[in-house]
There are 2 protein chains.
Amino acid sequence: MSNQPDPATRAWQSMRALVLDLHDRRAAVSDAIGMSYLRAKALRLLLPGPLPMGELGTGLGTDAPYITVIVDDLEKRGLVRREVNPADRRSKLVQVSTAGRAVARTADEIQSTPPAELLALTEADLATLEQILRRLVESSERR
Amino acid sequence: MSNQPDPATRAWQSMRALVLDLHDRRAAVSDAIGMSYLRAKALRLLLPGPLPMGELGTGLGTDAPYITVIVDDLEKRGLVRREVNPADRRSKLVQVSTAGRAVARTADEIQSTPPAELLALTEADLATLEQILRRLVESSERR
DNA sequence: CCACTTACTTAAAGTCATACAACTATTCTA
DNA sequence: TAGAATAGTTGTATGACTTTAAGTAAGTGG
């Protein structure tokens with residue numbers, strides 16, 4: 001029985017510890033914007049452009065009924081609008097409002113601000129780290 | 001307005017995306033063991049040795065009343081035992097049972113298995129990544 | 001055109017977690 | 001030793017999310 005797991009496992013465990021335990025920002029985000037983290041995530045997903053409810057659900061990993069609840073809520077707060085999809089009148093395109101964009105930006109600032117420990121790395125280490133992680137994200141996304 | 005955030009921010013965003021979105025294991029863990037992720041985390045925290053309720057609460061980031069609920073539940077399932085702390089009879093030491101240890105190990109295997117994309121890195125990249133992340137964890141923990 | 005599918009909505013029930021308030025038992029301290 | 005602090009328990013309320021079931025409206029294929 002090996003006491004020391006392989007480098008890939010150790011790297012993965014460290015990454016999880018950093019994001020989930022040592023520098024979890026999710027509570028801070030929902031505190032700051034006064035709504036759940038999932039709603040913040042929804043707003044962020046909508047930043048690049050309007051999405052049909054279904055695709056929003058895929059992005060959030062939740063099913064249709066709860067998407068309706070979330071979009072209802074965001075709409076009541078004036079952060080998104082539902083528009084009929086001209087290409088398919090069954091579907092609705094959800095679009096962020098200016099106010100919604102501001103909320104998304106606030107959430108993004110909080111969660112995207114790197115921990116101080118990361119900023120303390122040398123420039124070379126940071127560049128290396130960034131480059132490896134970017135490749136990991138890219139290869140994970142195409143699938 | 002810079003369109004491209006600095007390397008530290010990019011690295012942090014990638015790390016968050018990998019852990020929270022692209023390779024989230026939390027649902028898989030709780031599915032596999034038939035209880036919530038927080039309970040799995042409690043069992044894992046207890047692996048190194050018994051802890052008083054209070055310290056378990058600190059580790060899980062939840063308050064005393066809910067710790068009682070969690071430990072009640074784990075005890076009913078035969079995964080932990082409460083023992084009176086001989087040093088302070090107000091406090092109780094929570095100890096994992098053999099069964100609890102097995103559940104913790106199952107959870108750990110699922111969540112610690114690195115994504116295929118990580119295993120696909122070169123040995124050199126993996127070593128570099130692991131070393132930088134380990135330093136980040138260490139500097140984040142001492143605080 | 002009719003049956004089928006798709007996109008979304010509505011409603012209800014259940015689980016998990018958070019937050020508070022009030023309580024007991026024990027230990028510490030002035 | 002009396003009063004304050006600490007460790008844990010009990011109970012209640014609420015919020016966030018999941019899941020299931022059933023329904024409406026609009027598109028699609030034979």
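All chains are named by letter (A, B, ...) in the order of the sequence lines, taking the proteins before the strands, and each is independently numbered beginning at 1.
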Point to revise | Short side-chain to backbone donor-acceptor contact, A/S112 and A/E109, under 3.5 Å | key: no

Check your understanding: Could you give the CG-to-P distance, from B/L38 to D/dC17, as a whole number of Å?
Key -> 16 Å

Point to revise | B/S91 side chain to B/N85 backbone, donor-acceptor under 3.5 Å | key: no

Exercise for review: Please list residues of residues 40-49 of chain B whose heavy atoms come under 4.0 Å from any atom in DNA chain C, ordered by number; otherwise none.
Suggested key: none

Exercise for review: Would you kindly give the CZ-to-C1' distance between A/R26 and C/dA17, to the nearest whole Å?
Suggested key: 13 Å

Check your understanding: What pair of heavy atoms forms the shortest contact from A/T68 to A/R82, and how long is it?
Key -> O-NH2, 4.1 Å

Pair up each side-chain donor or acceptor in residues 40-60 of chain B with any protein partner under 3.5 Å, not counting sequence neighbours, and list the distances.
from  : atom 1 : to    : atom 2 : distance (Å)
B/K41 : NZ     : A/D21 : OD1    : 2.9
B/T58 : OG1    : B/G54 : O      : 3.1

Point to revise | Distance, rounded to the nearest Å, where B/D73 contributes CG and D/dT9 contributes C1' | key: 16 Å

Check your understanding: If the sugar-phosphate is the primed atoms plus P, OP1 and OP2 and the base is the rest, what is the B/S/- string for nucleotides 3-15 of chain C, using protein heavy atoms under 4.0 Å?
Key -> ---BSSBBB----

Review point. What integer distance in Å separates B/I70:CD1 from C/dA19:P?
Key: 13 Å

Review point. What does B/N85 touch in the nucleic acid at a heavy-atom separation under 4.0 angstrom: a base, only the sugar-phosphate, or nothing?
Key: nothing

Practice item. Report the residue (A/T62 or A/R89) whose heavy-atom-nearest nucleotide on DNA chain D is the more 5′ of the two. Key: A/T62

**Study point:** For A/E130, salt bridge (Lys or Arg N to Asp or Glu O under 4.0 Å) partners two or more places apart
**Key:** A/R134, B/R10

Point to revise | Any A/S36 side-chain nitrogen or oxygen under 4.0 Å from OP1 or OP2 of D/dG15 | key: no

Check your understanding: Are the side chain of B/W12 and the backbone N or O of A/Q111 linked by a donor-acceptor pair below 3.5 Å?
Key -> yes

Review point. Please give, in whole Å, the distance from D/dA13 P to B/D63 CG?
Key: 17 Å

Check your understanding: If you look only at pairs with a residue in residues 89-100 of chain A, which of them pass as a salt bridge (charged side-chain N to carboxylate O under 4.0 Å, His left out), with sequence neighbours excluded?
Key -> A/D88-A/R90

Check your understanding: Under 4.5 Å between any side-chain heavy atoms of B/L74 and B/V94, yes or no?
Key -> no

**Study point:** Partners meeting side-chain hydrogen bond (donor to acceptor under 3.5 Å, both in side chains) with B/D73 (sequence neighbours left out)
**Key:** B/R39, B/R77

